[in-house]
Amino acid sequence: MDVSVWLVVGAVAVLLMAGTAAVLLVRVIRARKLLVDAGVPLHNKALVWAAVIYTVSPVDLLPDPVYLDDIGFLLLALRSLHSAAHAAGAGRGKPAATGTESGGNLSTSGSN
């Protein structure tokens, strides 16, 4: 294969890894908001911080050019946090306020 083909393959691989890292960063930042909520159990919060520490630590299950173990551990922790937050009623899973609680005027047909 030509050198330019390898450069293109390498560039695509770097872009995929950068995209994956960006998506994970956004998910970690969103998960930080869920960590502030007091209804999420402590073990789920600790699992997320353990995943972040594992990701930046030099000790890995797989060598550093392969980030599958880091990504997998972060995804597992984020999924655990997400399900715990929904079980606690935090985030998007929080039930909407009723008309009597918010002082609003809700009709039975659902349209205002």
Side-chain angles (χ1 to χ4, degrees):
M1 291 174 74
D2 194 40
V3 174
S4 62
V5 173
W6 284 111
L7 287 175
V8 169
V9 169
V12 168
V14 167
L15 287 175
L16 285 174
M17 285 179 26
T20 303
V23 167
L24 283 175
L25 179 64
V26 168
R27 291 186 75 180
V28 167
I29 290 171
R30 286 181 180 168
R32 170 71 173 98
K33 292 178 184 178
L34 292 177
L35 288 176
V36 174
D37 188 357
V40 178
L42 180 62
H43 67 275
N44 292 104
K45 294 177 185 181
L47 182 62
V48 170
W49 288 116
V52 170
I53 291 170
Y54 177 77
T55 301
V56 297
S57 77
V59 179
D60 282 336
L61 294 175
L62 298 174
D64 259 343
V66 181
Y67 293 110
L68 293 177
D69 59 333
D70 298 327
I71 292 170
F73 194 38
L74 270 176
L75 287 176
L76 175 72
L78 291 174
R79 282 186 184 259
S80 171
L81 178 67
H82 185 72
S83 64
H86 277 288
R92 289 185 223 155
K94 188 178 285 188
T98 63
T100 57
E101 292 173 348
S102 62
N105 185 8
L106 296 177
S107 65
T108 56
S109 65
S111 61
N112 287 329

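Only this structure's heavy atoms are used, side chains among them; waters, hydrogens and symmetry mates stay out.
Scanning for side chain to side chain donor-acceptor pair (under 3.5 Å) contacts around Ser80 gives Asn44, with sequence neighbours left out. In terms of the side-chain contact (heavy atoms from CB on, under 4.5 Å) criterion, residue partners of Leu75 (sequence neighbours excluded) are, by chain and number, Leu24, Arg27, Ile71.
Under the 4.5 Å side-chain criterion, counting only non-hydrogen atoms from C-beta, Leu78 is not in contact with Phe73. Side-chain atoms of Tyr54 and Asp69, non-hydrogen and from C-beta on, do get closer than 4.5 Å to each other.
Val26 belongs to no hydrophobic cluster with other residues, because no ILVMFWY side-chain heavy atom falls under 4.5 Å from its own, directly or through intermediates. As a member of the Ile/Leu/Val/Met/Phe/Trp/Tyr network built from side-chain separations under 4.5 Å, Val8 groups with Val12, Leu16.
Rounding to the nearest 0.5 Å gives a distance of 9.5 Å between CG of Leu68 and OG1 of Thr20. The line from CZ of Arg79 to CG of Leu47 is 13.5 Å long, rounded to the nearest 0.5 Å.
Hydrophobic clustering (ILVMFWY, side-chain heavy atoms < 4.5 Å, transitive): Val23 and Leu81 are in distinct clusters.
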